[in-house]
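The next block holds one structure in the form of structure tokens; read it before the comments.
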There are 2 protein chains.
Amino acid sequence: MWHCQAVTSANIAGAVRQGSLRELNLAVVLGRIAAADRPPSRAAIAADTGLTRATVSAVVDDLIAGRLVAEVDPEPRTGAGRPARGLRLAADGPAGLGLEINVDYLAACVVDLTGTVRHHEVCRADLRPVSPTEALARLVELAGRARAAADRLGITLAGATLAVPGLVDAHGLVRLAPNLGWRDVDVPALLAGHPPLTGTVDGVPALTVDNEANLAALGELHAVPGTSSFLHVSGEIGIGAGIVLDGTLFRGARGWSGELGHVPVDPAGPGCRCGGRGCLETYAGQEAILGAAGLSGADLPADTAARRLADLAAAGDPATRAALRAAGTALGVAVAGVVNLLDLDTVVLGGGYATLARWLRPPVATELTARVLTAAWSPVSVRAAALGAESAVVGGAGAVVRQIVARPSGWLGRRQ
Amino acid sequence: MWHCQAVTSANIAGAVRQGSLRELNLAVVLGRIAAADRPPSRAAIAADTGLTRATVSAVVDDLIAGRLVAEVDPEPRTGAGRPARGLRLAADGPAGLGLEINVDYLAACVVDLTGTVRHHEVCRADLRPVSPTEALARLVELAGRARAAADRLGITLAGATLAVPGLVDAHGLVRLAPNLGWRDVDVPALLAGHPPLTGTVDGVPALTVDNEANLAALGELHAVPGTSSFLHVSGEIGIGAGIVLDGTLFRGARGWSGELGHVPVDPAGPGCRCGGRGCLETYAGQEAILGAAGLSGADLPADTAARRLADLAAAGDPATRAALRAAGTALGVAVAGVVNLLDLDTVVLGGGYATLARWLRPPVATELTARVLTAAWSPVSVRAAALGAESAVVGGAGAVVRQIVARPSGWLGRRQ
DNA sequence: CCCTATTTGTTCAGTGATTGGATTAAAGGG
DNA sequence: CCCTTTAATCCAATCACTGAACAAATAGGG
């Protein structure tokens, strides 16, 4: 967990001022506490990091004063010596608010510093016929209830992340969300007037908007310790991918990476709405699978569609099984290219694919074994997303708290 | 957005000791001097970085004492005030030795801190029938001459990088170099006994072995300022790719990224030696192009093959032109997938493709325009490699000096 | 020609954070 | 009960940056 241990200093290429020293060590020590599987002692952190025990004590004092870290009773331990006081992330410290707008549901959740989901609410509704303004109004309601829940739990929300199924630019403008029918929707502007989600708090925007597939990948990274590099494939109506490398989400030059749906699978294949031919989406997108299975699912909500297919496949429907096998093969071909190019060792099937993983996994794995160069001496593992459809909300909320863990000085210096 | 952007720091997860402050500021100041287009003054650096002039002066003194930076006469400047003394990278400081073993040549070059190539030697010979031991023996000769040249020029070699057309692991073991016929060749072990290329100097290995496509991409990054994110496609017998993002080479989870040649282009296409079907290599690899052009080029040295094709195409040979158009289309299809996935804005045609760029560029650009989602509002540029076939050697030598610029403390603390 | 404004680079006391050693705290073992 | 062991803290010393004052070098104006 908490692989995002990169030290994000205030000024990347900028100068390293005197205070940066403490700033960096706060991050280092907090990072160790977060990464440890059992509450470490100050002495253990000192031995681990190479810092002096004196320094670690001073740093930890700051962290405790800022409610980021709490002391726990010493573990029963064998051997002589004064027992250590364990350190762990505080459960009553800052928490993150995750929000999601998708085609057929709205969701909100609160995740605390330890990564625990403290509140979770999903509101099913077909959002396609609804205007962005109306959708965001409903979202604000959900966010209000989440905030009330956080108040009752005695935790403070430090920020919020909104997951959207589309291309988002650096300012929170949703350039294009085809399946929602959104185009150039300026979310921050539409939310002006809803204080908790507006403006900046100590220089950090109160709400960040991000692509759903990216956040889902972060959620998986968070939820499954051990894998720090993987490709998270999110199969909905479109097919998005989140690429995580060494615990860092890879966003591309302009932040629009992950368009796996339009990787060509067969240059002579059927035309795609993107203008190309034979894109993966025309083989393994939701509509393609539904069509091949003999269902005309244009009017089905996305989540329902995946479940319907899973039910039919489980019942042994041959057309559905064939459709899933074909989709899995196409997916495997496309993913094999990515794995060859990026040298990944794990592929996670998420979104709607998580529901269908039982039938998609075999053909995907077959193609990977056949096509990946390094598969012979280091096989590629394929698994379903652990969080399933909740990856994106939880990942968004988790991103907020992980940001704090990565740069605690921002939170500590907040109310000077 | 931009939550988890990686940060380049000397010690990512490590503790920040007291000396790290100076260590980091040495890197910051030297980085500014290296990045500036005209020699900046101490005062300009201070204003730029936010450091005090006093601090910058102290740091610069260290850099000058370590022969990394030199003062130059002030530029003729208008306006009042004491004239500034300009700072630039020292040309007589440490330099990098680049070495390359390829199918039909050996090469060595010396690049100084400023990025200038101070020595360059290419030795053409078909290396396929030669044993690894013999090939490395010849390489040592070349390296010796390069070292002698460096001595004459009064510069010290700080390290060496060897470019190899194959998969290399972290210890310099060449796992597989199919076109050389190498398999599990332990380069450092075979070079034991040749002092300048053996062992470690101050903890840094004297020789690093890396993939040719990776180093070529680094060379291009170095040579063409302005593009910091691109895909460098290196077309030889195999097709390798170097991915550069924000000025950083992307190596993949285990360092074996870039196998573009086995990205599937048509799942029903001809079988490939990798075991898959319809890999890019079977359409745009050198042998495929030669075959389509009606040449049986199995015995042609790689470089010669590209030149022969270029000559025939220039002469108007229709079969060759059609072959190149088909290869370019396949290349465009594969690259479009990569660009969609990683959100890149520049594609560089390198290696043998550099020679053929005039004919490959149009079909590649056509496919990209048709298939890349974001092409409509931000076109992808396609260009030939600036360094052509020398990218890899120069890139390897450049990697050595850039390593010093990125972490000058290693060089400064070398002979304490 | 001299004087002033202006910009550059250096010197020096001051401060913040880490260091290393000594000290106190809290157990277990003989 | 004393000694050993490990944990955490205290304190003087050190290192690097800060801020301000100062010296150096030049252009421009009277």
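Small disclaimer: the values here were computed from a predicted structure and weren't measured. Below, read A as the first sequence line, B as the second, and so on, with proteins coming before strands; counting in each chain starts at 1.
Distances shown here put a side-chain N or O of R42(B) below 4.0 Å from the OP1 or OP2 atom of dT10(C). For dT18(C), one of the phosphate oxygens OP1 or OP2 lies less than 4.0 angstrom from a side-chain nitrogen or oxygen of R22(A). Within the 4.0 Å cut-off from OP1 or OP2 of dT18(C), not a single side-chain nitrogen or oxygen of T52(A) is found. Between dA17(C) and N25(A), no contact under 4.0 Å exists linking OP1 or OP2 to a side-chain N or O. In this structure, S41(B) does not reach the dT7(C) phosphate: none of its side-chain N or O atoms is under 4.0 Å from OP1 or OP2. Here R53(A) does not reach the OP1 or OP2 of dA7(D): none of its side-chain N or O atoms lies under 4.0 Å away. For T55(B), no side-chain nitrogen or oxygen approaches OP1 or OP2 of dA16(D) to under 4.0 Å. For S57(B), a side-chain nitrogen or oxygen approaches OP1 or OP2 of dT10(C) to under 4.0 Å.
Residue contacts for A58(A): at a heavy-atom cut-off of 4.0 Å it reaches no nucleic acid atom on any strand shown.
For a distance-only test at 3.5 Å, the side chain of R82(A) fails to qualify as a donor-acceptor partner of the base of dT6(D).
Between the P atom of dA8(D) and the CD1 atom of I64(A) lies a distance of 10 Å, rounded to the nearest Å. Separating the CG atom of L51(B) from the P atom of dG19(D) is a distance of 11 Å, rounded to the nearest angstrom. For the pair D62(B) CG and dA16(D) P, the computed distance is 8 Å after rounding to whole Å. Taking atom CG on L21(A) and atom P on dG16(C), their separation rounds to 14 Å, with Å as the unit. One can place CZ of R85(B) at 9 Å from C1' of dT8(C), the figure rounded to the nearest angstrom. Distance E71(B) CD to dT8(C) P: 14 Å, rounded to the nearest Å. Distance D61(A) CG to dA17(C) C1': 14 Å, rounded to the nearest Å. Following rounding to the nearest Å, L24(B) (CG) and dC17(D) (P) show an atom-to-atom distance of 10 Å.
Atoms OG1 and CZ, on T55(A) and R42(A) in that order, are 13.0 Å from each other to the nearest 0.5 Å. Here the CG atom belonging to L68(A) is positioned 6.0 Å from the CG atom belonging to L113(A), to the nearest 0.5 angstrom.
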Full working for side-chain contact (heavy atoms from CB on, under 4.5 Å) between L221(B) and R402(B):
CA-CA 11 Å; L221(B) 169 66; R402(B) 233 171 330 151; 3.7 Å; yes
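Taking only side-chain atoms of A54(B), from C-beta outward, the nucleotide of dA25(D), dT18(D), dT6(C) with the closest atom is dT18(D).
For S229(B) (side chain) and D246(B) (main-chain N/O), a donor-acceptor pair under 3.5 Å exists by modelled atom type. Not a single donor-acceptor pair under 3.5 Å links the side chain of S409(A) to the backbone N or O of E23(A).
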